[in-house]
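Structure, as structure tokens:
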Amino acid sequence: MTPYVADPVYLNGRFLPLAEAGISPLDRGFLYGDGVYEVIPVYSRRPFRIDEHLHRLQGTLNGIRLANPLSVEDWKVVVEKLVAEAPWDDQSVYLQVTRGADDKRDHAFPPASVVPTAFAFSSPLVTTPADIRARGVAAITVADQRWARCDLKVISLLANVLARQQAVEEGCAEALLIRDGFLKEGAASNIFVVKDGVLLAPPKTQLMLPGITYDVIIELARLHGLPLAVREIAENELRDADEVWMTSSTKEILAITRLDGEPVGHGAQAGRPGPIGEQMWQWYQDFKNTVMRKG
Ligand code: PDD
């Protein structure tokens with residue numbers, strides 16, 4: 001076992017140690033990035049919103065025309081076993097399906113006899129340390145250079161990788177992707193903006209991944225009567241925001257307090273996590289402790 005990946009992992013119907021899990025170099029995931037994935041957070045050994053994650057997985061598989069090698073029930077059994085065998089209570093379970101390995105390299109789909117590769121493993125769920133959360137993190141904006149189906153959770157992530165790496169090299173935690181003058185999302189997160197007490201969320205289009213955490217935030221905003229507008233956010237609105245947050249299954253809700261070197265927000269609040277983000281984080285924690293930890 002590595003400190004980050006629990007044994008056993010799941011590969012094509014078998015549970016085995018990571019060190020013994022091998023796939024063909026001709027696997028289309030390796031050759032073409034031809035595959036899909038999911039990341040499911042697990043709280044107190046209970047997978048959170050697993051039905052929604054498996055539903056999104058199916059949507060992505062449909063989007064790339066690849067049959068799901070496992071039923072929803074089979075996936076749940078796989079996740080249950082990985083979670084039960086891992087040494088941590090809070091985990092992050094990764095699922096991946098690729099179009100499998102043919103006996104040659106050819107862009108078009110392989111014959112039906114080539115079976116998909118299904119791989120899954122569990123890692124510890126690493127939450128953001130309290131001091132970093134209290135300060136918030138820095139982000140940069142970059143041009144969104146991804147393809148036109150960003151709603152599909154595919155493993156071809158090169159544009160996301162390059163954007164995140166640029167952020168890291170500039171001492172930042174995330175890169176915010178701007179396309180045609182509008183904020184879409186982060187390299188590996190959804191982005192929310194607060195302006196004049198209103199929570200702004202970019203709409204679910206083919207140019208943004210529909211985050212499971214995003215849905216929870218929208219539900220919590222509605223539940224608590226927080227003013228909410230789901231609409232496109234122009235780049236200048238992002239720069240003039242009172243608050244900016246990133247959200248994902250692994251990061252939960254994290255304030256972005258510096259953007260392209262400038263403090264986010266206005267007046268005394270500038271460069272500090274804002275009150276609405278703090279409130280949402282608290283709602284999220286309450287929700288986590290009352291609902292998520294109960295499955
Ligand atoms: N990424 N947008 C992008 C591009 C993402 O990669 C992710 C998550 C999200 C947030 O989705 P969710 O709330 O369902 O985690 C939005 C995962 C965590 C990853 O790639 O590791």
Side-chain angles (χ1 to χ4, degrees), residues 4-5 29 33 35-43 47-60 63 79 90-97 119-128 137 139-168 173-179 182-193 201-221 230 233 244-254 256 280-281 283-284 287-288 291-292:
Y4 308 104
V5 176
V36 310
Y37 77 109
E38 273 298 325
V39 179
I40 308 174
V42 174
Y43 298 98
F48 177 60
R49 298 220 161 174
I50 188 165
D51 289 310
E52 286 81 352
H53 280 280
L54 292 176
H55 182 75
R56 186 172 65 183
L57 179 74
Q58 187 61 55
T60 304
V79 170
D90 288 1
Q91 305 174 28
S92 158
V93 171
Y94 179 87
L95 313 178
Q96 178 172 321
V97 182
F119 175 51
F121 64 89
S122 180
S123 298
L125 185 68
V126 182
T127 49
T128 307
V137 295
I140 56 170
T141 55
V142 299
D144 191 349
Q145 293 182 325
R146 300 173 300 166
W147 69 331
R149 290 304 308 273
C150 303
D151 56 322
L152 302 176
K153 201 163 173 62
V154 294
I155 59 171
S156 336
L157 288 169
L158 195 49
N160 307 61
V161 166
L162 292 172
R164 176 62 74 85
Q165 180 61 21
Q166 189 181 333
V168 168
E174 185 57 302
L176 275 47
L177 307 176
I178 309 286
R179 195 188 291 238
F182 292 95
L183 166 69
K184 295 300 163 191
E185 59 183 325
S189 60
N190 288 114
I191 305 294
F192 289 83
V193 162
K204 288 182 187 174
T205 67
Q206 292 192 343
L207 298 178
M208 183 188 97
L209 186 82
I212 305 296
T213 319
Y214 171 102
D215 284 342
V216 176
I217 307 274
I218 302 261
E219 284 170 34
L220 288 171
V230 178
I233 301 169
V244 179
W245 328 326
M246 58 189 281
T247 73
S248 77
S249 293
T250 48
K251 291 285 187 308
E252 300 186 340
I253 302 162
L254 191 53
I256 292 173
M280 183 56 80
W281 183 83
W283 288 335
Y284 197 84
F287 183 78
K288 187 163 92 179
V291 179
M292 298 188 200

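Both counts, for ligands and for their atoms, begin at 1 and track the order of listing.
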(request) Any salt bridge (Lys or Arg N to Asp or Glu O under 4.0 Å) involving residues 183-193? Give me the pairs, sequence neighbours left out, ordered by first then second residue. (result) R146-E185, K184-E232
(message) Quick check: closest heavy atoms across I256 and A139, and the distance to 0.1 Å?
(response) CG2-CB, 3.7 Å
(request) Report the residues that fulfil side-chain hydrogen bond (donor to acceptor under 3.5 Å, both in side chains) with E52, sequence neighbours left out, ordered by chain and then residue number. (result) none
(message) Enumerate the salt bridge (Lys or Arg N to Asp or Glu O under 4.0 Å) contacts for residues 208-220, please, sequence neighbours excluded, ordered by first and then second residue.
(response) R49-E219, K204-D215
(request) State, to 0.1 Å, how close I155 and G33 come at their nearest heavy-atom pair, and which atoms those are. (result) CG1-O, 3.5 Å
(message) Looking at K251 and E174, is there a salt bridge between them, counting it only when a charged N and a carboxylate O are closer than 4.0 Å?
(response) no
(request) List, ordered by chain and residue number, the protein residues whose closest non-hydrogen atom lies under 4.0 Å from any atom of ligand 1. (result) Y37, V39, R56, K153, N160, E185, G186, A187, A188, S189, N190, L209, G211, I212, T213, T247, S248, S249, T250
